[in-house]
Amino acid sequence: MTEIGTFRESDARDLAPRLLGWTLISRIGGEEVAGRIVETEAYLDASDPASHAATRGGMTSRNRRMFGPGGTAYVYFVYGRHWCFNVVAGPEGSPGAVLVRALEPLGGTEVMLRRRGGREPLASGPARLCEALGIDGAFDGHDLSRPPLRLECGGVAAGEVAVSGRIGVSRAERLPLRFYIRGNPHVSTGPHEPAASGVA
DNA sequence: ATACCGATGGACT
DNA sequence: GTCCATCGGTATA
């Protein structure tokens with residue numbers, strides 16, 4: 001349960017809440033930066049209309065890493081300017097990934113602040129955390145058990161996990177596939193979510 | 001070939 | 001609260 005290898009045995013729906021409390025450590029560019037995962041979202045297979053796996057052609061050049069083995073990265077580019085980072089779930093061949101939406105900074109905050117152009121928050125929001133950690137398309141498919149970008153196991157008490165609908169999607173937005181640490185101030189607040197306090 | 005649009009964030013009223 | 005930059009991937013012709 002705490003080994004990264006078990007990511008191959010869980011689908012994205014199961015993995016998303018379990019990733020809360022894990023640490024993501026980046027040594028990209030030679031500078032170590034780390035954060036605790038406080039918010040995730042699950043994106044499932046072709047039956048999930050909000051998932052990149054739900055494309056007519058099945059596996060495509062963009063989404064192919066979603067079909068890779070659990071424990072690797074799926075990194076994609078959106079809105080012409082932002083990168084988003086996912087942890088792939090499930091065995092090779094079955095698509096699914098967990099979008100990491102927010103980190104609680106644990107170390108290297110000066111590096112994060114510099115990469116963020118002096119703007120806060122440092123790592124609350126999927127594109128902000130990629131900028132703070134130096135993650136870009138070069139890490140699409142990267143094995144997250146090894147440097148320069150790796151996961152270290154962690155977790156939170158079951159009672160601290162809150163659930164809601166996913167943010168920023170226009171389809172299947174009500175499915176309870178967003179997970180966050182209740183009350184954590186580094187959880188990103190969505191467009192229409194007042195604050196990270198309630199349950200879904 | 002080409003039109004459409006997004007798993008966002010920052011600037012602005 | 002609203003607006004929109006910016007561009008690769010996907011869908012369509």
Side-chain angles (χ1 to χ4, degrees), chain A residues 7 11-17 19-20 24 35 37-68 70 72-90 94-105 112-142 144 162-180 185-196 200:
Chain A
F7 290 5
D11 68 11
R13 187 196 306 270
D14 293 334
L15 180 59
L19 267 180
L20 296 174
L24 183 60
I37 297 175
V38 299
E39 180 183 355
T40 60
E41 281 178 358
Y43 287 88
L44 313 179
D45 59 19
S47 67
D48 174 6
S51 171
H52 289 168
T55 57
R56 187 170 172 238
M59 183 159 54
T60 65
S61 59
R62 175 171 71 156
N63 69 14
R64 65 192 180 106
R65 299 304 190 177
M66 284 190 86
F67 294 75
T72 57
Y74 168 45
V75 181
Y76 68 91
F77 189 62
V78 274
Y79 292 107
R81 50 176 72 192
H82 304 299
W83 294 101
C84 291
F85 168 78
N86 296 251
V87 179
V88 174
S94 66
V98 177
L99 174 69
V100 178
R101 288 195 55 92
L103 302 176
E104 175 178 340
M112 291 193 200
L113 188 63
R114 188 183 73 235
R115 286 176 175 157
R116 288 273 303 129
R119 289 185 300 270
E120 298 203 43
L122 297 178
S124 297
R128 291 178 180 137
L129 74 88
C130 283
E131 189 170 44
L133 270 61
I135 298 170
D136 63 19
F139 294 90
D140 193 30
H142 175 74
L144 294 170
V163 186
S164 81
R166 293 175 292 188
I167 291 176
V169 297
S170 55
R171 289 175 286 214
E173 63 268 24
R174 298 188 54 134
L175 291 181
L177 294 175
R178 172 176 175 246
F179 303 88
Y180 57 96
H186 297 94
V187 172
S188 77
T189 53
H192 298 296
E193 295 227 357

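Proteins get letters first, then strands, A, B, ... in listed order; numbering begins at 1 in each.
Residue A:Arg128 places at least one side-chain N or O closer than 4.0 Å to OP1 or OP2 of B:dG10. OP1 or OP2 of B:dG10 has at least one side-chain nitrogen or oxygen of A:Arg116 nearer than 4.0 Å. Of the side-chain N and O atoms in A:Ser61, one or more sit less than 4.0 angstrom from OP1 or OP2 of C:dT10. For C:dT10, the OP1/OP2 oxygens have a side-chain nitrogen or oxygen of A:Thr60 closer than 4.0 Å. Side-chain N/O atoms of A:Arg101 include one lying less than 4.0 angstrom from OP1 or OP2 on B:dT8. In terms of phosphate contacts, A:Arg81 brings no side-chain nitrogen or oxygen within less than 4.0 Å of OP1 or OP2 of B:dT8.
Atoms CZ (A:Arg64) and P (C:dG8) sit 17 Å apart, rounded to a whole Å. Separating the CG atom of A:Asn86 from the C1' atom of B:dT8 is a distance of 14 Å, rounded to the nearest angstrom. One atom, CZ of A:Arg65, and another, P of C:dG9, lie 13 Å apart when rounded to the nearest Å. Regarding A:Arg62, its CZ atom lies at a distance of 12 Å from the C1' atom of C:dC7, rounded to whole Å. If you take CG of A:Leu19 and P of B:dA7, they are 20 Å apart, rounded to a whole angstrom. Whole-Å rounding puts the A:Met66 CE to B:dA7 P distance at 11 Å. Rounded to a whole Å, the CD atom of A:Glu120 is 12 Å from the P atom of B:dG10. Rounded to whole Å, the distance from NE2 on A:His82 to P on B:dA11 is 11 Å.
Among the atoms of the strands shown, base atoms are found under 4.0 Å from some heavy atom of A:Ala50.
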I would like to know whether A:Leu103 and A:Met112 meet side-chain contact (heavy atoms from CB on, under 4.5 Å); could you show each step before the answer? CA-CA 12 Å; A:Leu103 302 176; A:Met112 291 193 200; 5.9 Å; no

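Under the 3.5 Å distance criterion, the side-chain polar atoms of A:Asn63 are matched with a main-chain donor or acceptor of A:Thr60.
C:dT6 makes up no base pair with any nucleotide shown, lacking Watson-Crick or G-U wobble contacts both under 3.5 Å.
Both the sub-6.0 Å distance and the 45° axial angle are not jointly satisfied by A:Arg65 relative to the ring of A:Tyr76.
Ranked by how close their nearest DNA chain B nucleotide is to the 5' end, A:Pro121 and A:His52 are led by A:His52.
The aromatic rings of A:Trp83 and A:Phe77 are tilted relative to each other, their planes meeting at an angle between 30° and 60°.
Here A:Tyr43 lies parallel enough and close enough to stack on the base of B:dA7, with planes under 30° and ring centres under 5.5 Å apart.
Side-chain atoms of A:Tyr79 and base atoms of C:dA5 include no donor and acceptor less than 3.5 Å apart.
Within the model, atoms CZ of A:Arg115 and CD of A:Glu131 stand 10.0 Å from one another, a figure rounded to the nearest 0.5 Å.
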